[in-house]
Amino acid sequence: EYFKSEEYRLSRNEFAQEYMGQFVEELTQFYPDEFMKKAMIQQKVKYGKEGQSFCISVDIGRMGGDKTVFVIFEKRGELLIQREKVIWDEAYLDRIAQQIIDWDSLWHFERIYLDNGGIGIGVFDIIYNTPGFKKRVKGINNAEKIVEYNPDGTERKSKWMKEEIYANLYFLMAKGKIVLFDDGDIWLSLKSAEYEYINQRGGAMMKISHPDHRQSHICEAIVRGAMFSK
């Protein structure tokens, strides 16, 4: 039953590589090593917070060993600078929401990026309905499909939100507009992101994934936080 569920969850190429021991050329590392080396130069230091622009991004883990990752970015002009990374092994949703609210009294976040799909909707609802947060909390659901239309109403292009936010981080690193911690866990998580092209109606579509779900959490928090650049 487990293998059947994994075969349903993963693409054919992912399943072949992960469980059948096949080397699949179509699965390719999404973030090049040279981009990561260029971006990952920041050391965690103490600093003042007055008059600066901050966001927090959270990848919310499920109970039972899944990790929850909090990442804080500062924006200076066109540059994003990572200022914090906190990882909890597991936590209840109300505790995650309360931690965001408590940190907001110190950081005064301009944006709070949360997954508003799946288990994340519980934290999103708490934050959204807390006075003073409604206009700042932004839901980013990886499973959401973005469709662009021609003037006559026909579909011109479609992509997944996950493709959008991962590509945004890709271009920020390529252009030197984001600075991340020099951190081995971040390196492994970003490096584990892979992509392939799958056939869809109307043409091929890129699919981005992490074959090992345990490596995805830090990357997921970072790509959401990098949307602060927009």
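This chain uses plain numbering: 1 for the first residue, then up along the sequence.
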His108 side chain reached by Gln52 side chain, heavy atoms, under 4.5 Å: no
Spacing of CD belonging to Gln42 relative to CZ belonging to Phe181, to within rounding of 0.5 Å: 6.5 Å
Spacing of Ile140 atom CD1 and Asp115 atom CG [to the nearest 0.5 Å]: 9.0 Å
Arg224 side, atom CZ; Met161 side, atom CE - distance, nearest 0.5 Å: 10.0 Å
Hphob cluster co-occupancy, Ile60 + Ile101, side-chain heavy atoms under 4.5 angstrom: yes
Straight-line distance of Phe171 CZ to Ser229 OG, nearest 0.5 Å: 12.0 Å
Arg95 NZ/CZ over Trp88 ring centroid, <6.0 Å and within 45° of normal: yes
Centroid-centroid under 6.0 Å between Trp103 and Phe109 rings: no
Side chain Lys38, main chain Ala174, donor-acceptor under 3.5 Å: yes
Student check: side-chain heavy atoms of Ile127 and Leu114 closer than 4.5 Å: yes
By side chain to side chain contact (heavy atoms under 4.5 Å, CB included) - contacts of Asn116 (at least two apart): Ile121, Phe124, Asn141
Distance-only side-chain donor-acceptor flag, Glu220 / Tyr166, under 3.5 Å: yes
Pairs where residues 118-137 contributes a residue and the test side chain to side chain donor-acceptor pair (under 3.5 Å) is met, not counting sequence neighbours: Asp104-Arg136
Those residues that, when tested against Ala221, pass side chain to side chain contact (heavy atoms under 4.5 Å, CB included) (two or more places apart): Ser57, Asp59, Val69, Val71
Residue pair Tyr195 / Glu163, side-chain heavy-atom distance below 4.5 Å: no
Euclidean distance, Gln82 CD relative to Gln43 CD, rounded to 0.5 Å: 11.0 Å
Arg111: partners by side chain to side chain contact (heavy atoms under 4.5 Å, CB included), with sequence neighbours left out: Cys55, Tyr113, Lys138, Phe228
Qualifying residues under side-chain hydrogen bond (donor to acceptor under 3.5 Å, both in side chains), relative to Glu110, sequence neighbours excluded: Ser53
Non-neighbouring partners of Ser216 that pass side-chain hydrogen bond (donor to acceptor under 3.5 Å, both in side chains), sequence neighbours left out: none
Partner residues of Lys230 under the side chain to side chain contact (heavy atoms under 4.5 Å, CB included) criterion, sequence neighbours left out: Glu164, Asn168, Met227
Residue pairs passing the side chain to side chain donor-acceptor pair (under 3.5 Å) test where at least one lies in residues 176-187, sequence neighbours excluded: Glu78-Lys177, Lys85-Asp183
Sub-4.5 Å side-chain heavy-atom contact between Glu194 and Thr28: no
Under 3.5 Å side-chain donor-acceptor pair for Gln98 and Asp102: yes
Aromatic centroids of Phe73 and Phe54 separated by under 6.0 Å: no
Check: Gly61 main-chain N/O paired with Thr68 side-chain donor or acceptor under 3.5 Å: yes
hydrophobic_cluster_shared for Ile126 and Ile119, side chain cutoff 4.5 Å: no
Same apolar cluster: Leu106 and Ile72, side chain cutoff 4.5 Å: yes
Atom pair CZ/CD1 of Phe70 and Ile100 - distance to nearest 0.5 Å: 6.0 Å
Salt bridge (charged side-chain N to carboxylate O under 4.0 Å, His left out) partners for Asp33, two or more places apart: Lys191
